[in-house]
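To start, the structure itself, in structure tokens.
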Amino acid sequence: MDPNTSSEITHKFPPFFQVHKDGRVERFMISGFAPPTVDPRTGVESKDVVISPRTAVKSRIFLPKINGPDPKKLPLLVHYHGGGFCAGSALDAVTAPFLTRLVSEANVIAISVDYRLAPEHPLPTAFDDSWAALQWIGAHLNGTGPELWLNKYVDFERVFLMGESAGATIAHHVAVRVGATPGPEGLRVRGAVIAHPYFVISEPDEMLRFLYPGSSGTDSDPKLSPKADPDVGKMGVDKVLVLVAEKDWLKPRGVEYCEALRNSGWKGDVELVENQGEDHVFFMFNPDCENALIVVQKLASFINQASG
């Protein structure tokens, strides 16, 4: 192979990735794998499981410290990580500290879905993987699913969705699909946390057009823009918590999302919370800062109140 071919850049989308002429994708945002463990401070235990042998999609489950031989079943938080659909992982060193703290604070079980990334797996693969993960979770309703922790500890009447940035876009899509598509009987999704959502506007998003062949990359695409989705009024949750940050360039899209929900005919409740002085997804990158701890407390309160 001509060495010039492998080094020539055909597409470049900083700070996320660039594509070489030979098809190789070079990512700039790599946080590194964090192995599952038992957190010594909180007692939260984590492990990785394969959701689909066909696609090799994995997830990481976080279990709070369990007391007693016959513990009360707990709510389940289904998490979708951010990263512009092309970076990040449920198994990385960014996701683990935040979810460990949230699981401990809220006393919930969390499962973070490691959906396949674009451009190697073009959109809508991430959306489809995330929906398939919820169906896999639903396979545990009768207590005979493939994952013991879900069978033994989860209350499937108290399920929540959460995502940050691109993961928030996915969480919204899954919430709408829950309401528009008949799902497993007995699986009740109570609420969704939409944090710093990466929805698109009227001007084409060139990176998304590359990651999502066939899409306009604009707010005419129903998977990327709630106001273009004819099913948004069917959103299958009762409550939505939207988080934005003062210095985040995506803040207006979170605010507009709240208005889109209120004007859609959806019968649920939406709450908007803004963190002053903070930037995009700060609570993931700096999970020990004061405002990140406030976010965790707010999410725990949201989950516990909506579980009642």
**Asked** Within 45° of the axis and under 6.0 Å from the centre of the six-membered ring of W149, does NZ or CZ of K47 qualify?
**Response** yes

**Request:** Could you label the plane-to-plane angle of the H81 and Y115 rings as parallel, tilted or perpendicular, counting under 30° as parallel and over 60° as perpendicular?
**Result:** parallel

**Item:** CG-CD distance between D248 and E274, expressed to the nearest 0.5 angstrom
**Value:** 10.0 Å

**Prompt:** Can you tell me how far the CG atom of L211 sits from the SG atom of C86, to the nearest 0.5 Å?
**Reply:** 5.5 Å

**Message:** Which residue is it: T42, D39, D288? I am looking for the one with a side-chain hydrogen bond (donor to acceptor under 3.5 Å, both in side chains) to R101.
**Reply:** D288

**Prompt:** Do you know which two heavy atoms are closest between I109 and P64, and how far apart they sit?
**Reply:** CG1-CD, 3.9 Å

**Prompt:** Is there a donor in the side chain of D205 and an acceptor in the side chain of Y198, or the other way round, less than 3.5 Å apart?
**Reply:** yes

**Asked** Are E256 and R253 close enough for a salt bridge, meaning some N to O gap below 4.0 Å?
**Response** no

**Item:** Close side-chain approach of P197 and L250, heavy atoms under 4.5 Å
**Value:** no

**Message:** Can you see whether S31 engages D92 through a side-chain donor-acceptor pair at a distance of less than 3.5 angstrom?
**Reply:** yes

**Request:** Using the six-membered ring wherever Trp is involved, compare the ring planes of F283 and F98 and label them parallel, tilted or perpendicular (cut-offs 30° and 60°).
**Result:** tilted

**Request:** Could you tell me whether D114 and R60 make a salt bridge, using a distance below 4.0 angstrom between a side-chain N and a carboxylate O?
**Result:** no

**Asked** Among L76, N107, V108, whose side-chain contact (heavy atoms from CB on, under 4.5 Å) with I303 holds?
**Response** V108

**Asked** Any Lys/Arg nitrogen of R188 or D238 sitting under 4.0 Å from an Asp/Glu carboxylate oxygen of the other?
**Response** yes

**Whether H173 and F127 hold their rings parallel, tilted or perpendicular, with breakpoints at 30° and 60°** = perpendicular

**Message:** In terms of relative ring orientation, are F199 and H172 parallel, tilted or perpendicular, with 30° and 60° separating the classes?
**Reply:** perpendicular

**Prompt:** So, are K298 and E105 salt-bridged, with charged N and O less than 4.0 Å apart?
**Reply:** no

**Request:** Please report the C-alpha distance between L123 and L208 in whole Å, then the side-chain angles of each, then the deciding distance to 0.1 Å, and finally whether the side-chain contact (heavy atoms from CB on, under 4.5 Å) criterion is met.
**Result:** CA-CA 9 Å; L123 292 172; L208 278 178; 4.0 Å; yes

**Asked** Hey, what's the ring geometry for W136 with H140, parallel, tilted or perpendicular (30° and 60° as the breaks)?
**Response** perpendicular

**Request:** Could you tell me whether the side chains of S215 and D221 share a donor-acceptor contact shorter than 3.5 Å?
**Result:** yes

**Request:** Verify the distance criterion only: is there a donor paired with an acceptor across the side chains of H79 and E164 at less than 3.5 Å?
**Result:** yes

**Prompt:** What about F16 and F85, are their ring centers closer than 6.0 Å?
**Reply:** no

**Request:** Indicate the atoms forming the closest heavy-atom contact of S46 with F62, along with that distance.
**Result:** CB-CD2, 3.9 Å

**Prompt:** Between S165 and G167, is there a donor-acceptor pair closer than 3.5 Å when you use the side chain of the first and the backbone of the second?
**Reply:** no

**Request:** Evaluate the side-chain contact (heavy atoms from CB on, under 4.5 Å) criterion for residues D279 and F285: first the C-alpha distance (whole Å), next the side-chain angles of each, then the deciding distance (0.1 Å), finally the verdict.
**Result:** CA-CA 10 Å; D279 213 327; F285 295 116; over 6 Å; no

**Message:** Under 4.5 Å between side-chain heavy atoms, counting indirect links through other Ile/Leu/Val/Met/Phe/Trp/Tyr residues: same cluster for L299 and V242 or not?
**Reply:** no

**Qualifying residue, where the test is side-chain contact (heavy atoms from CB on, under 4.5 Å) with V273 and the options are V244, V193, L243** = L243

**Prompt:** Roughly how far apart are S89 OG and I30 CD1, rounded to 0.5 Å?
**Reply:** 11.5 Å

**Fill in**
What one should report as the nearest heavy-atom pair of A166 and G84 is CB-N, 3.6 Å

**Donor on one side chain, acceptor on other, E26 and H20, under 3.5 Å** = yes

**Request:** Using the side-chain contact (heavy atoms from CB on, under 4.5 Å) rule, take Y212 and K223 through it: C-alpha gap first, then chi angles, then the decisive distance, then the call.
**Result:** CA-CA 10 Å; Y212 195 170; K223 281 190 171 64; 3.5 Å; yes

**Prompt:** Is R190 reaching over with its side chain to a backbone N or O of A306, donor-acceptor style, under 3.5 angstrom?
**Reply:** yes

**Asked** Looking only at atom types and distance, does a side-chain atom of T100 sit under 3.5 Å from a main-chain N or O of A96, one as donor and one as acceptor?
**Response** yes

**Request:** Flag yes if more than 12 heavy atoms outside K12 fall under 6.0 Å of its NZ atom; otherwise flag no.
**Result:** no

**Asked** Rounded to the nearest 0.5 Å, how far does OG1 of T125 lie from CG of L117?
**Response** 10.0 Å

**Complete:** Output for pair (H11 NE2, E206 CD), nearest 0.5 Å, gives 10.0 Å

**Request:** Look up atom CG in D128 and atom CZ in R116, then write down how far apart they are to the nearest 0.5 Å.
**Result:** 8.5 Å

**Item:** Backbone N/O of K73 and side chain of R158: donor-acceptor pair under 3.5 Å
**Value:** yes

**Message:** For a quick check under 3.5 Å, do E278 and Q276 share a side-chain donor-acceptor pair by atom type?
**Reply:** no

**Message:** Please find the pair of heavy atoms, one from S130 and one from I170, that lie closest to each other, and give the distance.
**Reply:** OG-CG2, 3.2 Å

**Item:** Presence of salt bridge, D231 and K234, under 4.0 angstrom
**Value:** yes

